[in-house]
Amino acid sequence: ITVPSSYTGSAHRIIVQSGGKLIVQSGAKLRVLNEIINENTDPSSVVFESNSDFIQIFNPTSTIYNSGKVTVQRTTNPMDKYGYTYWGSPVTGQNTITGTPLYPGANAAYRWNTNPGGSDPDGLIGWVQHNGEMIPGQGYILRAPQNLSPWNQQIGGVWQKAPVTAKFIGVPNNGDCTVDIVPSATGLIPHYNAKMTYMSNPYPATIHIDKFLSQYGEGIALSGNARIIPTVYFWTHATTPILNATGGYTYPTADFASYT
C-alpha cells in the first residue's frame, strides 16, 4: 500500500502482515488511534518518507505499544562536507555511527553535555562524541559524509553541497517522552557556559510548536530563579562556515533563525 503525498487519513490501528508493504510518501499525513505492528523482519517494508507525518493519538489512560521496526526518512538542506545538521530520533534503537549508521559516510556525531565538571559555577558545557544509540528526546549533531560524492568534491575551490537523507530504523516512538532540563545558576542570562538542554522532536511527525512553548515555556520554575525560555532556534544552513584560528569552522549567529 502506498499513501500518496496528497492524502490525509486515519485508521484505528495498522498491521502490516508478513510479505506486505506500506509506503507513506512525502507530504502525506496518517493518523492512527492505536498501535502500528509490522510483522515483517525487514524494516524497509514500512517507510515514512521525509516530510510525511505519522501521528498517533495518545490516550494517557491506556498503553499503546508499537512493535516491529520501520524506516523513517529525514532529508537535510544541502550542506558541504564540513557542514553539520541537528538530529533527533523518531524511533527507538537507531545509532548515530556504530552498527547501522544514520546515513552512509557518517563519521562524526556529538551530543550536548551540560555538566562534565569544571570550575565555572554552571559547569563546563560542550559537545562530546556520541557514536551509539540515539535516546528519544535528546538532540545530536552529525557531520556530512566526508569521503562520498559529491561532498568530497570541489569546483573552483568550493566544496560541493548536497542534501543528506538519514534513515531512522527502529520501533516508532509514541506517548510521553521525558527529558531532564538542567537549570542554570545564572537564570535567564544567556552566555556560553549557561546550562542549556539540547532537546529534539522524538516522534515521526511534526509537533505544534505554539502548543509546545505554551505548555513547557516561560513560567515553569526549575530551581532558584531558573526557568525555561520559550524560544526555539532553526539552523538555516544559508551561510558558508568561516575558518577559525584553530583550523575548525564556525557558523555565524545570523545563520540561526529564532521563533518565540
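If you read the sequence from its start, that first residue is 1, and numbering goes on from there.
By the 6.0 Å and 45° rule, K81 stacks over the aromatic ring of W159.
Nearest heavy-atom pair across P163 and T75 is CB-CG2, 3.8 Å. Shown here for P204 and V72, the closest heavy-atom pair between the two residues is CB-CG2, 4.2 Å. Of all heavy-atom pairs spanning P136 and C177, the tightest one is O-SG, 3.4 Å. Nearest heavy-atom pair across W151 and V164 is CZ2-CG2, 3.6 Å. Counting all heavy atoms, side chain and backbone alike, A28 lies closest to P4 at CB-O, 3.2 Å. Of all heavy-atom pairs spanning Q153 and S149, the tightest one is NE2-OG, 3.0 Å.
Although no hydrogens or angles enter the test, the distance criterion places no donor-acceptor pair under 3.5 Å between the side chain of Q138 and the main chain of R111. Judged by distance alone, with hydrogens and angles left aside, the side-chain atoms of Y140 form a donor-acceptor pair with the main-chain N or O of I135 at under 3.5 Å. Panel note: side chain S89, backbone V91; a donor-acceptor pair is recorded below 3.5 Å. Side-chain atoms of Q146 come within 3.5 Å of backbone atoms of A144 as a donor-acceptor pair (strictly under, hydrogens ignored). No side-chain donor-acceptor contact under 3.5 Å links E133 to the backbone of Q94.
The same ILVMFWY cluster, assembled from side-chain heavy atoms under 4.5 Å apart, contains both F234 and F212. Taking hydrophobic clusters as Ile, Leu, Val, Met, Phe, Trp and Tyr residues chained together by side-chain heavy-atom distances below 4.5 Å, I209 does not share a cluster with W87. Cluster membership for V16 and V24, using ILVMFWY side-chain heavy atoms within less than 4.5 angstrom, is shared. Linking Ile, Leu, Val, Met, Phe, Trp and Tyr residues whenever their side-chain heavy atoms come within less than 4.5 Å leaves I15 and V70 in two separate clusters.
Within the 4.5 Å cutoff, no side-chain heavy atoms of Y110 are placed close to those of H130. Looking at T165 and S50, their side chains never come closer than 4.5 Å, going by heavy atoms from C-beta outward. With a 4.5 Å cut-off on side-chain heavy atoms, P90 and F168 count as touching. Residues K21 and I1 fail the side-chain proximity criterion, which asks for heavy atoms closer than 4.5 Å. Side-chain contact between T2 and Q25 is present, with at least one heavy-atom pair separated by less than 4.5 Å. Side chains of I57 and V32 form no contact here, defined as non-hydrogen atoms less than 4.5 Å apart. Residues Y259 and Y233 have side chains not in contact (no heavy-atom distance under 4.5 Å, counting atoms from C-beta outward). With a 4.5 Å cut-off on side-chain heavy atoms, T260 and L213 do not count as touching.
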Checklist entry - Can you check side chain to side chain donor-acceptor pair (under 3.5 Å) on T206 and N201, steps first, answer last? => result CA-CA 8 Å; T206 54; N201 178 6; over 6 Å; no

Item to check | CA sep, side-chain torsions, deciding dist, call: V47, Q73, side chain to side chain contact (heavy atoms under 4.5 Å, CB included) | outcome: CA-CA 7 Å; V47 176; Q73 299 175 350; 3.7 Å; yes

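Once rounded to the nearest 0.5 Å, the distance linking CG of L102 with NZ of K167 reads 11.0 Å. To the nearest 0.5 angstrom, R143 atom CZ is 12.5 Å from T85 atom OG1. To the nearest 0.5 Å, the span separating CG on N66 from CZ on R13 amounts to 11.0 Å. Expressed to the nearest 0.5 Å, how far OH of Y103 lies from CG of L142 amounts to 4.5 Å. The CG atom of L30 sits 8.5 Å away from the CD1 atom of I55 when rounded to the nearest 0.5 Å. The CD atom of E35 sits 7.5 Å away from atom NE2 of H12, with the distance rounded to the nearest 0.5 Å.
Between S26 and S5, the side chains place no donor N or O within less than 3.5 Å of an acceptor N or O (distance only, hydrogens not considered). Side-chain N/O atoms of S45 and D42 include no donor and acceptor closer than 3.5 Å. T96 and N131 are not linked by any side-chain donor-acceptor pair at a separation below 3.5 angstrom, with hydrogens and angles left out of the test. N38 and N40 form a side-chain donor-acceptor contact under 3.5 Å, judged by distance and modelled atom types alone. Residues T71 and S44 bring no donor and acceptor atom of their side chains to less than 3.5 Å of each other. The closest side-chain donor-acceptor pair between T100 and N95, if any, does not fall under 3.5 angstrom.
Side-chain rings of W235 and F256 approach one another, their centers coming within less than 6.0 Å.
Residue pairs that meet the ring-ring contact (aromatic ring centres under 6.0 Å, His included) test with at least one member in residues 13-52, sequence neighbours left out, are F48-F54.
Atom CD of Q17 has 12 or fewer neighbouring heavy atoms from other residues, nucleotides or ligands inside a 6.0 Å radius.
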